[in-house]
Amino acid sequence: MFGLLLLLFLPFILYLTAPKIRKMLSNGVCTSTVQLPGKVAVVTGANSGIGKETAQDLARRGARVYLACRDVQKGELVAKEIQTSTGNKQVLVRKLDLADTKSIRAFAKDFLAEEKHLHILVNNAGVMMCPYTKTADGFEMHIGVNHLGHFLLTHLLLETLKESAPSRIVNVSSLAHHLGRIYFQNLQGEKFYIAGLAYCHSKLANILFTRELARRLKGSGVTTYSVHPGTVNSELVRYSLFMRWMWQLFAFFIKTPQQGAQTSLYCSLTEGLESLNGSHFSDCQLAWVSAQARNETVARRLWDISCHLLGLPVDW
Ligand SMILES: *[C@@H]1O[C@H](CO)[C@@H](O)[C@H](O)[C@H]1NC(C)=O
Ligand SMILES: *[C@@H]1O[C@H](CO)[C@@H](O)[C@H](O)[C@H]1NC(C)=O
Ligand SMILES: *[C@@H]1O[C@H](CO)[C@@H](O)[C@H](O)[C@H]1NC(C)=O
């Protein structure tokens, strides 16, 4: 009897609580009024979702914003849209395919030839739950794009970030890192592979790196942050039918890309955040990371292996 009543009332209860839950889920708004004239920003994966919103906000504040996109044509359309909505003509599109180290090196080379400065780097692009595939360099796609690709990009742009200090690097990670583990014997999913978990592993790698990088950048004036954007309706779920269904089912609870961009913006802009470098943020607040993500031994080892895989010196 009680069960039946509950069942009858459940939709009603959900209906009443949904706005509250939604508000809770979408809290955290970047209220910074910082303006960015003369500043240069790069946003990866900027032609849709959170990346696009982040780029748009930075452009509105007057920065010169580079949209680093795999699909340049689509990027150009987005750039036009942002130029129109913000009145800032300095929104530029450059080709960047994070699944190909040649493309990453070409992007960095051209960028450095064009620009003397870089103040904000938002490592936003990501893939989620794609079937087992490899990057041009033979890395498993999630670890290859989400981690190694951004690792190389950050490395190539770091000198310029240092010269432009105070500057910031923001890494879009995820709450999903809690499910992630770094299996050094199975980094590329050679032995076993579960698409959903591969995403979590790569997001854990993002956090480990943010912390390791923060340690290494001590005193350089470059500070680094990792971010959980929230559960956001974006193209990230494009590879998974199941996830697209889930997203539709729970659409009401899910953040818009604009809400999802708030924490990235908060970490890119908020004054006085420097002492919290290396930290993880969610809803524009400090957030807990898993024990794995705090493990310095794992962070160091992953750093060394990543350098080795990419043919980079270990100290940079
Ligand atoms: C962001 O993540 C990439 C890949 O894990 C890493 O190489 C880079 O150092 C990170 N940057 C920051 C600021 O955390
Ligand atoms: C970054 O954080 C560390 C502590 O984790 C601190 O010692 C260092 O001074 C900070 N760097 C900057 C530029 O504030
Ligand atoms: C870090 O991870 C390693 C390997 O997984 C483990 O042996 C070690 O106990 C961990 N250290 C801490 C402080 O959790």
Side-chain angles (χ1 to χ4, degrees), residues 98 101 123 126-130 132-135 137-155 158 168-220 222-231 263 267 273-283 285-316:
L98 286 156
T101 54
N123 286 325
V127 293
M128 183 184 197
M129 295 183 81
C130 46
Y132 189 78
T133 31
K134 291 198 161 173
T135 68
D137 306 272
F139 305 134
E140 185 277 311
M141 193 56 78
H142 292 90
I143 202 85
V145 169
N146 298 355
H147 167 57
L148 292 169
H150 282 121
F151 185 76
L152 178 60
L153 181 67
T154 306
H155 169 76
L158 195 61
R168 292 186 182 189
I169 313 173
V170 175
N171 255 351
V172 179
S173 178
S174 169
L175 192 64
H177 84 269
H178 282 280
L179 294 176
R181 296 284 176 277
I182 304 296
Y183 299 112
F184 286 106
Q185 304 78 18
N186 189 42
L187 209 54
Q188 311 289 344
E190 315 91 324
K191 301 219 175 74
F192 52 95
Y193 179 77
I194 302 168
L197 287 182
Y199 174 75
C200 304
H201 302 331
S202 69
K203 292 288 118 177
L204 172 61
N206 287 151
I207 297 189
L208 285 166
F209 263 94
T210 303
R211 297 170 68 89
E212 181 67 20
L213 194 62
R215 265 195 293 281
R216 287 169 186 252
L217 289 175
K218 225 165 243 178
S220 69
V222 185
T223 52
T224 73
Y225 312 87
S226 63
V227 163
H228 168 59
T231 311
T263 308
C267 289
L273 215 59
E274 283 77 6
S275 61
L276 295 177
N277 73 73
S279 300
H280 185 62
F281 288 80
S282 173
D283 284 334
Q285 286 171 21
L286 268 182
W288 275 104
V289 298
S290 69
Q292 274 274 318
R294 277 178 275 129
N295 188 316
E296 273 193 39
T297 320
V298 176
R300 293 235 161 90
R301 185 152 172 226
L302 185 60
W303 181 281
D304 290 351
I305 290 181
S306 305
C307 291
H308 177 73
L309 286 170
L310 292 163
L312 303 177
V314 173
D315 280 315
W316 48 280

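In listed order, ligands and their atoms are each counted from 1. Along the sequence shown, residues are numbered consecutively beginning with 1.
- Protein residues with any heavy atom under 4.0 Å from ligand 3: N295, V298.
- At a cut-off of 3.5 Å, with distance as the only test, no side-chain donor of T223 or N277 sits close to an acceptor on the other residue.
- In terms of modelled atom types and a separation under 3.5 Å, the side chain of T263 and the main chain of D283 share a donor-acceptor contact.
- Side chain of N186 to main chain of K191: a donor-acceptor pair is present (N/O by atom type, distance under 3.5 Å, no hydrogens or angles).
- Under a 3.5 Å cut-off, the side chain of Q188 and the backbone N or O of E190 do not form any donor-acceptor pair.
- R211 contributes no side-chain N or O that, together with a main-chain N or O of A299, makes up a donor-acceptor pair within less than 3.5 Å.
- R300 is linked by a side-chain contact (heavy atoms from CB on, under 4.5 Å) to E212, R215, E296, counting only residues two or more places apart in sequence or in another chain.
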